[in-house]
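Here's the structure we're looking at; comments come further down.
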Amino acid sequence: MRSPRTLEVWKLGTVNYLKSLKLQDRLVSERKANLIPDTVLSLQHPPTYTLGKRRTDHNLLIPEAELTRIGAELHYTQRGGDITFHGPHQAILYPIISLRSIGIGARNYVETLERSMIEFASIYGVKARAGHKGETGVWVGDRKIGAIGVRISSGITCHGLALNIDPDLKYFEHIVPCGIADKEVTSLRKETDTVLPSEEVIHEQLVSCLAKAFSYDDVVWKEDPLVILDTQEHNK
Amino acid sequence: MALRMWASSTANILKLSSSVSKSHLSPAFSICRCLSSVLEGLKYANSHEWVKHEGSVATIGITDHAQGHLGEVVFVELPEENGSVSKEKSFGAVESVKATSEILSPISGEVIEVNKKLTESPGLINSSPYEDGWMIKVRPSSPAELESLMGPKEYTKFCVEEDAAH
């Protein structure tokens, strides 16, 4: 008889990218030491371009100096995947979970992240699909609506997924998104005429789809995110 | 590799070859085709790396099961030659399906050779995890560490039990 599995959700609003990396590092250590349960961060970033471990900066099409002018930051990370953009009105989830305790590997994990986004899109009547081989992510036709980039260390995940709700898609013109040159980027807003609820509701729905896809029995929502973040800062 | 197996607990999975040869690896065969191979003559870590100890050199890589659960490897990051590795600490990473996964060393020692072919052909890890897909060769600093690793039968059982727990 397996014991019930709980997912703790931190609703963080808009968080600076570096701040979110530091938070994830700490949570990964705490998860590894079994001090916290499986946790997912639900947030957005201010305009930010990020690169993965392979440092594919040839896929950034404007000089780095230009980035400040357009109000964006650039960060190099240890996650898998190519270059991408994060910004307002894009829903991001960073699951910090122990793959050992769910009994899956990298491929299965990423496929489940894809399924979570596909399920979420279907709420709005949008028929999304997983990427073909070598094109991990979530697509509507040939247009990419959701991106994935993950890091797994000692079986604990960090980084995660980004789903376009209604971001300014012009930011994607400055990169070859995910290193795939001939495909468009899209958003939930572009793919459906349905009136979208508030972003808070949307984030909750996305988290619920993730929790269901990973068969969590219980979801605990952490209140007062600013307090959480500040408390964490204060306790450092 | 901190990866889990997806083995059917009802299947009597792997039959290991009973003859152990020192000069070559004897492959095991699987009754259930969905499961991967475990070789005689190697030692295994519970994070799914293998070690082949020959004299003063130990060769390290990841197991067939590990590569199956990663998906197609597109990038491998390995340490520098003459660097050192420590038991159960990360020495590199592989990327597959947009996920970078750390690889942990089963033993401590000095890195004497790194498989440079993996830069051009990371897929060797998938197609030949025990041979062409080897990752590093190490001069073990504490040979006793090898004793605490699992043998093939134990590793196979470990995989089944890991899986049966769910």
Side-chain angles (χ1 to χ4, degrees), chain A residues 1-3 5 28 31-32 51-56 77-84 95 97-114 130-138 146-162 178-180 215, chain B residues 1-9 34-36 45-49 62-78 86-106 118-119 122-123 125-126 158-166:
Chain A
M1 201 60 176
R2 70 165 179 83
S3 46
R5 291 175 47 241
V28 166
R31 185 66 191 92
K32 223 184 269 194
L51 286 156
K53 211 186 214 321
R54 282 176 283 143
R55 303 174 75 94
T56 47
T77 76
Q78 296 297 308
R79 62 160 171 77
D82 209 301
I83 193 168
T84 195
I97 68 185
S98 165
L99 294 186
R100 279 182 220 230
S101 57
I102 356 176
I104 64 174
R107 185 169 59 173
N108 208 316
Y109 174 61
V110 164
E111 285 170 3
T112 312
L113 290 180
E114 287 175 333
H132 299 310
K133 193 175 170 211
E135 292 188 343
T136 297
V138 174
I148 291 175
V150 166
R151 178 170 188 224
I152 302 168
S153 70
S154 297
I156 312 294
T157 64
C158 62
H159 295 276
L161 65 86
C178 310
I180 302 172
S215 306
Chain B
M1 281 293 37
L3 296 176
R4 309 247 340 136
M5 292 325 129
W6 210 218
S8 163
S9 55
C34 63
L35 296 167
S36 50
N46 62 9
S47 44
H48 305 290
E49 293 85 10
I62 65 171
T63 64
D64 187 27
H65 238 113
Q67 71 78 21
H69 285 275
L70 280 173
E72 189 191 335
V73 176
V74 299
F75 178 73
V76 184
E77 187 184 68
L78 293 174
S86 301
K87 185 178 166 77
E88 291 169 5
K89 295 276 183 297
S90 165
F91 71 81
V94 292
E95 181 178 339
S96 64
V97 292
K98 306 282 176 89
T100 49
S101 301
E102 279 185 348
I103 322 158
L104 307 182
S105 182
L118 293 179
T119 312
I125 291 181
N126 299 113
F158 170 76
C159 294
V160 174
E161 278 171 2
E162 239 188 13
D163 208 60
H166 300 86

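Contact of the A/Arg107 side chain with the B/Glu72 side chain is not registered, since no non-hydrogen atoms from C-beta on lie closer than 4.5 Å.
Among the candidates A/Thr157, A/Thr136, A/Ile148, the residue making the largest number of heavy-atom pairs closer than 4.5 Å to chain B is A/Thr136.
The two residues A/Ser154 and B/Glu102 have their closest heavy-atom pair at N-OE1, 3.9 Å.
In this structure, A/His159 NE2 and B/Thr100 OG1 are separated by 7.0 Å, a value rounded to the nearest 0.5 Å. Note that CG of A/Leu99 is 8.0 Å distant from OG of B/Ser101, once rounded to the nearest 0.5 Å. Here B/Leu70 contributes atom CG and A/Ile152 contributes atom CD1; the two are 7.5 Å apart, rounded to the nearest 0.5 Å. Once rounded to the nearest 0.5 Å, the distance linking OG of A/Ser153 with CG of B/Leu104 reads 8.5 Å.
Only the side chain of B/Glu77 comes within less than 4.5 Å of a heavy atom in chain A; its backbone stays farther off. Only the backbone of A/Arg79 comes within less than 4.5 Å of a heavy atom of chain B; no side-chain atom from C-beta onward does.
With hydrogens and angles ignored, the 3.5 Å screen pairs a side-chain donor or acceptor of B/Glu95 with a backbone N or O of A/Gly81.
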Side chain to side chain contact (heavy atoms under 4.5 Å, CB included) between A/Cys178 and B/Lys98, intermediate numbers included
CA-CA 10 Å; A/Cys178 310; B/Lys98 306 282 176 89; 3.9 Å; yes

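Under a cut-off of 6.0 angstrom, the local environment of CD in B/Glu88 is sparse, with at most 12 non-hydrogen atoms contributed by other residues, nucleotides or ligands.
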